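In what follows, a structure is listed as structure tokens, so that the remarks can point back to it.
Residue numbering restarts at 1 for every chain, and letters A, B, ... go by the order of the sequence lines. Just so we're clear, the structure is a prediction, and the values are computed from it rather than from any experiment.
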Amino acid sequence: MPELPEVEIVTRSLIPILKNKILTNFWTSDKNLRSQLSDYECFILTNKKVKRIFRQAKYLILELDNSWILIHFGMTGKITVSKVEQKVFIANNKHVHCSFQAEDNFLYFQDIRRFGGLYFVERSDEKNLFDSQLPFNFGIEPLSEKFNENYIYLISRKVNMPIKAWLMKGIIAGIGNIYASEALFRAGINPNAKTKSLGIIRMSRLVNSIKFVLTEAIRSGGSTINNYSNIDGEAGNYAKKHMVYGRKDKFCLICNYMLDTKYIAQRSSFYCKKCQKF
DNA sequence: ATGAGAACCTGTTCGC
DNA sequence: TGCGAACAGGTTCTCA
Ligand SMILES: [Zn+2]
């Protein structure tokens, strides 16, 4: 399930493939995604040049002339770069929902569970993508300098939710269940702890832990749980380094105490009662 | 304003 | 061996 590190890896590897390329031959499936490009949008997009490729939150964003394509991977979204013609690829591969040509390559977006989506955004007047009234809650980038203990402390003073539920609300971009769990373990904070009960010292530890696990995950090629792979089809190695996520009925790698498993905000949570304090 | 819960989706795993 | 239930979770939506 792609979170920030996995989307970042895919984005970086797509830069040399897409930069300054003209897009043509848009194709979309008729299955419902969270969002899909309309025929009109495909028409508008045709023959536009890709000027910039970047990631914001969990979105891969292609910047074109006066417009953007945003791609969200949901849980099982995947991009394949291929020389195989569209008719052949689509006939031979399941769950293909969008494709286009970028000069010497074809791109294919596949998504088994269809939690992903494709969005087309046009520039309106002088507004850019990030100050307009778009239906995207991007949240603060956790690897930016603005994301620090003062910021997160200030905005969380009235939050009664468990800290893990709050981390996954999208206020902090790109954090999902895996990295919320891992960062809380590393920070020594119990995921059930009331958010506003955390003081500036512990918030500081949390901020550093979030930055650490995300950076490490990017360096390790991301986390492959079921089917994440980079655009070359290779699995990530970070799942081997998980301290708590997915380790049901296993023992804490630090203190050897049995890990706890519990649903918090509708999501499975793994943590060590001894190492992670309220 | 805050937060709790449902809904979307399908491949895999588990229990009987 | 087979069948159905449970499970996985990012995001948006509804409702208290
Ligand atoms: Zn422990």
Q.
Tell me every residue that passes side chain to side chain donor-acceptor pair (under 3.5 Å) with H95(A), counting only those two or more places apart in sequence or in another chain.
A. none
Q) Of all residues at least two apart in sequence or in a different chain, which pass the side chain to side chain donor-acceptor pair (under 3.5 Å) check with E85(A)? A) none
Rounding to an integer number of Å, can you tell me how far [X] [atom1] sits from [N] [atom2]?
{"X": "I175(A)", "N": "dG10(C)", "atom1": "CD1", "atom2": "C1'", "value": "13 Å"}
{"X": "Q56(A)", "N": "dT11(C)", "atom1": "CD", "atom2": "P", "value": "12 Å"}
{"X": "Y245(A)", "N": "dG10(C)", "atom1": "OH", "atom2": "C1'", "value": "12 Å"}
{"X": "L167(A)", "N": "dG10(C)", "atom1": "CG", "atom2": "C1'", "value": "15 Å"}
{"X": "L33(A)", "N": "dT11(C)", "atom1": "CG", "atom2": "P", "value": "15 Å"}
{"X": "K58(A)", "N": "dT12(C)", "atom1": "NZ", "atom2": "C1'", "value": "13 Å"}
{"X": "K78(A)", "N": "dG11(B)", "atom1": "NZ", "atom2": "C1'", "value": "14 Å"}

Q.
Restricting to side-chain contact (heavy atoms from CB on, under 4.5 Å), what partner residues turn up for S99(A), sequence neighbours left out?
A. W27(A), Q86(A), Y108(A)
Q. Going 5' to 3' along nucleotides 1-10 of chain B, which nucleotides have protein heavy atoms under 4.0 Å from the base (write B), which only from the sugar-phosphate (write S), and which from neither (write -)?
A. -SSSBBBBBB
Q: Estimate the overall bend of the helix from dT2(B)-dA16(C) to dC16(B)-dG2(C) from the end axes over five pairs each, rounded to 10 degrees.
A: 60°
Q | Residues which pass ring pair (Phe, Tyr, Trp, His ring centres under 6.0 Å) with F26(A), listed by chain and number, not counting sequence neighbours | A | F100(A)
Q | Sequence-distant partners of F270(A), ring pair (Phe, Tyr, Trp, His ring centres under 6.0 Å), two or more places apart | A | Y245(A)
Q: Specify the closest pair of heavy atoms between G117(A) and F109(A), including all atoms of both residues, with the distance to one decimal.
A: N-CZ, 4.5 Å
Q) Which pairs count as salt bridge (charged side-chain N to carboxylate O under 4.0 Å, His left out) when at least one residue sits in residues 54-74 of chain A, sequence neighbours excluded? A) E8(A)-R55(A), K51(A)-D65(A), R52(A)-E63(A), R55(A)-E141(A)
Extract all donor-acceptor atom pairs below 3.5 Å that involve side chains of residues 260-269 of chain A and protein atoms in other chains or at least two apart in sequence.
from    : atom 1 : to      : atom 2 : distance (Å)
K262(A) : NZ     : N192(A) : OD1    : 3.0
S269(A) : OG     : K164(A) : NZ     : 2.8
S269(A) : OG     : K262(A) : O      : 3.4
S269(A) : OG     : R267(A) : O      : 3.2

